[in-house]
> 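Starting off with a structure, shown below.
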Amino acid sequence: MARHLITSAIPYINGIKHLGNLVGSQLPADLFARYQRGRGHEVMFICATDEHGTPAELAAAKAGKPVAEYCAEMHEVQADIARRFALSFDHFGRSSSAHNQKLTQHLAVKLFENGLIEERSETQMYSPTDGRYLPDRYIEGTCPNCGFESARGDQCDNCTKQLDPVDLINPHSTISGATDLEMRETKHLYLLQSKMRAQLEKWIDTREGWPVLTTSIAKKWLTDGDGLQDRGITRDLNWGVPAQFDGAPWSGMDGKVFYVWFDAPIEYIACAMEWVDAGKGTDWERWWRTDKGAEDVTYTQFMGKDNVPFHTLSFPATILGSDEPWKLVDYIKSFNYLNYDGGQFSTSRGRGVFMDQALEILPPDYWRWWLLSHAPESSDAEFTWDNFQTSVNKDLADVLGNFVSRVTKFCRSKFGESVPEGGAYGEQEQALIADLAARIAAYQAHMDAIEVRKSAQELRAIWVTGNEYLQSAAPWAVFKEDPDRAAAIVRLSLNLIRLYALLSAPFIPDAAATLLAAVDPEDNSGQAWPTGAAVDFEALPGGAPFSVPDNLFAKIEDAQREDWQNRFAGVRD
RNA sequence: GGGCCUGUAGCUCAACGGUUAGAGCAGAGCGCUCAUAACGCUUUGGUUGGGGGUUCAAAUCCCUCCGGGCCUACCA
């Protein structure tokens, strides 16, 4: 039994994520976790909320709440939606946890002791009115290059020129509008990634089979310009992991916290400690410490492409630089973006479908199927209602749902609600079994390789095989002359439903559970992962009871599609 | 500006130097009547964005032009 540690990029605490965020990390990670569990492997699937940083402080202020309270509430909101989307985290933690604070501080000390952290002084824009230092993107002004009036401190959206906040004409805070900005000298800790460049490059070069998207981004950062740059890992903020604490080997960091991107990935580890606290397990170290049992763990990370530099470089720099035996990632699966109907999803403008809204209109399996079967693996992908309607109606309702319907209803009317006895599998059945064995092997190969679209395609082909078989075996015609032969056909078909339930569970867990409950109500056949061996087609013996489930998937009507298309086109409150 | 990805049938995508470029959807025809008017079979449809080059052989490698997207280190 293999052991799989699986993490999804941790979503930022603010707001509810849209479908593009979902398909970029959490959903494919869940697919993989469910698949590996299904195969009988031991899985630790971890996710959390990323809670620190300026945006959380501002959102809390806007909501009129202390930031800790705001984050606690938003964490529950996100946890609830994740549950309702059937995301099967073993633990959904919080980067603001005591464990993460302690571990982040510990690793910083280790890095310092190993000569990889140093203090540097720099000047940054400070807003007395806001009472805070302003990240570049919170400063706007007139672009000195093109005269555009809403240029941000880091880049002009109009002429795309890279800027420095001091270049802006009439700069002001986007938080308060204050114009009394001033440059102040401030000290920060820097992670000396440049010292680790060679080590990181060697590590990246020895990774095999990583997505091009993953390695090309890592390579770019390693070699661009002067190579990998040192990175400030503290910020002048209140909300975060304090950079000054008992035992800190540096001073003068009072009132500063670690940068969210330093502490966020560390939460992957701390989350396993939270998992123990929550009473879900007893030993987190055997997942994370290679000196304590984690040397045989396969660690896979899932993320959108915007997260790749932090996972290929910064976090490994933290891990490797600590010189402690932490488990390093084995495979990084990265995704492009999902666009919405000709443009981008937009949180601020309420453009596109957000996770809560999605569940208001349809059950999770509908979304899971479409999103996964269209996952943006090789390039950006696009959600359109037309495509969504077609995929759901054809794949789920017609191919899978209708197969279940025709088999169970035919059986009920001719043989009653138990698996028919009599007859034996013949040549036609052997051919079907051989065909499916090959398809299941292909499906597994794609799932093992985390080829999400191809897996979905193969799964659909497996569903189609059932309809092809029924059509050519034609039990409704055979029944008139040879009821025993018809019984064997129906018995095999009912077994196919069970097989489909097990194979489909990673994609559509709720529907799979419904099928399994209908066709094997007492779970007599076990739920071992099917390999396509003969035994998988005889798991439901003659005489076993079953029930006819309600239609698995309702079709999306044209009127619904149009309604939703209008509803999600613009402005969310 | 730099880097990376991408352009293949009406649409969404495969094919990663080697038969005649394949699937699903959409379109056309036929069949079936168990089923959510569902299913099955057959079939139409491509100068692989343009041009040049390398090779016995190019969608695939190289150059160039055109289009789309993303990243570019202080948003997270």
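Numbers restart at 1 for each chain; the letters A, B, ... are given by sequence-line order, proteins then strands. All values reported here derive from a predicted model rather than from experimental measurement.
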> Given the rule in the salt bridge (charged side-chain N to carboxylate O under 4.0 Å, His left out) test, do A/K333 and A/E377 qualify, once you have shown the distances and angles that lead to the verdict?
CA-CA 9 Å; A/K333 177 72 179 182; A/E377 289 178 299; 3.0 Å; yes

> Within the 4.0 Å heavy-atom criterion, would you say A/S378 contacts the bases, only the backbone, or no part of the nucleic acid?
sugar-phosphate

> Just to be sure I understand the rule, does A/R152 reach a base, reach only the sugar-phosphate, or reach nothing, if contact means heavy atoms closer than 4.0 Å?
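Result for A/R152 = nothing.
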
> What's A/Q389 touching, base or sugar-phosphate or nothing? Going by heavy atoms closer than 4.0 Å.
nothing

> Look at the side-chain N and O atoms of A/K454 and state whether any lies under 4.0 Å from the OP1 or OP2 oxygen of B/A23.
no

> Would A/F410 count as stacking on B/C34 if stacking means ring centres less than 5.5 angstrom apart and planes tilted under 30 degrees?
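Answer is no, no stack.
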
> Looking for any heavy atom pair under 4.0 Å, which part of the strands does A/K409 touch: base, sugar-phosphate only, or nothing?
sugar-phosphate

> What distance, rounded to whole Å, do you find between the two P atoms, one in B/A15 and one in B/G46?
22 Å

> Is the shortest distance from a Lys or Arg side-chain nitrogen in A/D386 or A/R561 to a carboxylate oxygen in the other one below 4.0 Å?
yes

> Look at all strands and tell whether A/G227 reaches a base, only sugar-phosphate, or nothing, counting heavy atoms closer than 4.0 Å.
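Counting heavy atoms under 4.0 Å across all strands, the contact made by A/G227 includes a base.
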
> Base, sugar-phosphate, or nothing for A/Y133, non-hydrogen atoms under 4.0 angstrom?
nothing

> Between B/G49 and B/G68, how many Å separate the two C1' atoms, rounded to a whole number?
11 Å

> Between A/N467 (CG) and B/U36 (P), how many Å, whole number?
13 Å

> For B/C4, give the paired nucleotide (Watson-Crick: N1-N3 plus N6-O4 or O6-N4; G-U: N1-O2 and O6-N3; both under 3.5 Å), or none.
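In the structure as shown, B/C4 has B/G69 as its Watson-Crick or wobble partner.
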
> Would you call A/R197 and A/D230 a salt bridge, using N to O less than 4.0 angstrom?
no

> Would you indicate, yes or no, if B/C25 has its OP1 or OP2 atom less than 4.0 angstrom from a side-chain nitrogen or oxygen of A/R460?
yes

> Please give, in whole Å, the distance from B/A76 P to A/F258 CZ?
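After rounding, the gap between these two atoms is 16 Å.
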
> Both distances below 3.5 Å, Watson-Crick or wobble geometry, any strand: find the nucleotide opposite B/U19.
none

> Looking just at side-chain N and O atoms, do A/S96 and A/E51 make a donor-acceptor pair shorter than 3.5 Å?
yes

> Rounded to the nearest Å, what distance is computed from the CG atom of residue A/N339 to the P atom of nucleotide B/C70?
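My rounded result for the distance is 7 Å.
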
> Quick one: is B/C71 close enough that its OP1 or OP2 comes under 4.0 Å of any side-chain N or O from A/Y337?
yes

> Could you tell me whether A/Y259 contacts a base, only the sugar-phosphate backbone, or nothing, with contacts defined as non-hydrogen atoms closer than 4.0 Å?
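The answer is base, as A/Y259 lies within the cut-off (heavy atoms under 4.0 Å) of a base atom.
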
> Below 30° counts as parallel, above 60° as perpendicular, anything between as tilted: where do the rings of A/F410 and A/W476 land?
perpendicular

> Find the distance A/K305:NZ to B/A76:P and express it as a whole number of Å.
20 Å

> Report the nucleotide, chosen from B/G31, B/U36, B/A26, that has the shortest atom-to-atom distance to any side-chain atom of A/F553.
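Looking only at heavy atoms from C-beta outward on A/F553, the closest nucleotide is B/U36.
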
> CZ of A/R412 versus P of B/C34: gap in Å, rounded?
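So the two atoms are 14 Å apart, to the nearest Å.
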
> What nucleotide, of B/G2, B/U12, B/C34, holds the atom closest to the side chain of A/N387?
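Among the listed nucleotides, the one closest to the side chain of A/N387 is B/U12.
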
> Select one nucleotide: of B/U36, B/U12, B/A73, the one nearest the side-chain heavy atoms of A/Q229.
B/A73

> Below the 4.0 Å mark, does B/U12 have OP1 or OP2 next to a side-chain nitrogen or oxygen of A/Q457?
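Result: no.
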
> Please pick, from B/A76, B/U6, B/C74, the nucleotide with the shortest atom-to-atom distance to any side-chain atom of A/Q124.
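That would be B/C74.
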
> Can you find a donor-acceptor pair, distance only, under 3.5 Å between A/N402 side chain and B/A38 base?
no

> Between A/F92 and A/H75, does the ring centre distance come in under 6.0 Å?
yes

> Between B/C34, B/U12, B/C74, spot the one nearest the side chain of A/Q471, thanks.
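Nearest nucleotide to the side chain: B/C34.
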
> Distance between the P atoms of B/G40 and B/C32, in whole angstroms?
16 Å

> For nucleotides B/U12 and B/G52, find the distance between their C1' atoms and express it as a whole number of Å.
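To the nearest whole Å, 32 Å.
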
> I need the NZ-P distance between A/K219 and B/C5, as an integer number of Å.
13 Å

> When only distance counts, do a donor and an acceptor, one from the side chain of A/E377 and one from the base of B/C5, lie under 3.5 Å apart?
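Result: no qualifying N/O pair found.
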
> For the side chain of A/E122, starting at C-beta, report the closest nucleotide among B/G2, B/C74, B/C39.
B/C74

> Figure out the CG/C1' separation between A/D380 and B/C4, and round it to whole Å.
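These atoms are roughly 12 Å apart.
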
> Indicate, with a heavy-atom threshold strictly under 4.0 Å, whether A/F479 touches base, sugar-phosphate, or nothing.
nothing

> Which one, B/C25, B/C74, B/C75, comes nearest to the side chain of A/R137?
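So the nucleotide nearest the side chain must be B/C75.
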
> If you measure from the P atom in B/U60 to the same atom in B/G53, how many Å do you get, rounded?
14 Å

> Applying a 4.0 Å non-hydrogen cut-off, can you work out what A/S391 is touching in the nucleic acid: base, sugar-phosphate, or nothing?
nothing

> Could you write out each protein N or O paired with an N or O of nucleotides 41-45 of chain B at a distance under 3.5 Å?
unit_1, atom_1, unit_2, atom_2, d
B/C41, OP1, A/E468, OE2, 3.4

> Given B/C74, B/G2, B/A23, which nucleotide is nearest the side-chain atoms of A/R235?
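Comparing B/C74, B/G2, B/A23 against the side chain of A/R235, the answer is B/C74.
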
> For a quick check of understanding: with a heavy-atom distance under 4.0 Å over all strands, which category does A/P55 fall into, base, sugar-phosphate or nothing?
sugar-phosphate

> Run the salt-bridge test on A/K219 and A/D224 with the 4.0 Å N-O cut-off and return the result as yes or no.
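Here A/K219 does not pair with A/D224 in a salt bridge, since their nearest N and O are not under 4.0 Å apart.
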
> Considering every strand and a 4.0 Å limit on heavy-atom distances, what is the contact class for A/D50: base, sugar-phosphate, or nothing?
sugar-phosphate

> Count the heavy atoms belonging to other residues, nucleotides or ligands that lie under 6.0 Å from CD of A/E182, then report whether that count exceeds 12.
yes

> If I pick the C1' atom on B/A21 and the same atom on B/A9, what distance separates them, to the nearest angstrom?
11 Å

> Tell me which nucleotide, if any, is Watson-Crick or G-U wobble paired with B/A38 when both distances must be under 3.5 Å.
none

> Rounded to the nearest angstrom, tell me the gap between atom NZ in A/K414 and atom P in B/C34.
7 Å

> When we call it a touch if two heavy atoms are under 4.0 Å apart, what does A/N551 touch: a base, just sugar-phosphate, or nothing?
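Base: the residue A/N551, judged by heavy atoms under 4.0 Å, touches a nucleobase.
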
> Would you please classify the geometry between the A/F383 ring and the A/W370 ring as parallel, tilted or perpendicular, with 30° and 60° separating the classes?
perpendicular

> Flag the pair A/R94 and A/D50 as a salt bridge only when some basic side-chain nitrogen lies within less than 4.0 angstrom of an acidic carboxylate oxygen.
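No salt bridge links A/R94 with A/D50.
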
> May I ask you to say what A/D136 touches in the nucleic acid, namely base, sugar-phosphate or nothing, with a heavy-atom cut-off under 4.0 Å?
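Base, at least one base heavy atom under 4.0 Å.
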
> Would one find more than 12 heavy atoms of other residues, nucleotides or ligands at under 6.0 Å from atom CD of A/E185?
yes

> For B/U8 and B/G24, measure between their C1' atoms and round to the nearest Å.
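Rounded to whole Å, the distance is 15 Å.
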
> Take A/R120 and A/E118 through the salt bridge (charged side-chain N to carboxylate O under 4.0 Å, His left out) test and state the conclusion after the steps.
CA-CA 6 Å; A/R120 291 184 187 172; A/E118 75 176 25; 2.9 Å; yes

> If you measure from the P atom in B/A28 to the same atom in B/C71, how many Å do you get, rounded?
42 Å

> Using purine N1 to pyrimidine N3 plus N6-O4 or O6-N4 for Watson-Crick, or N1-O2 and O6-N3 for G-U wobble, both under 3.5 Å, which nucleotide pairs with B/G27?
B/U43

> Applying a 4.0 Å non-hydrogen cut-off, can you work out what A/E382 is touching in the nucleic acid: base, sugar-phosphate, or nothing?
nothing

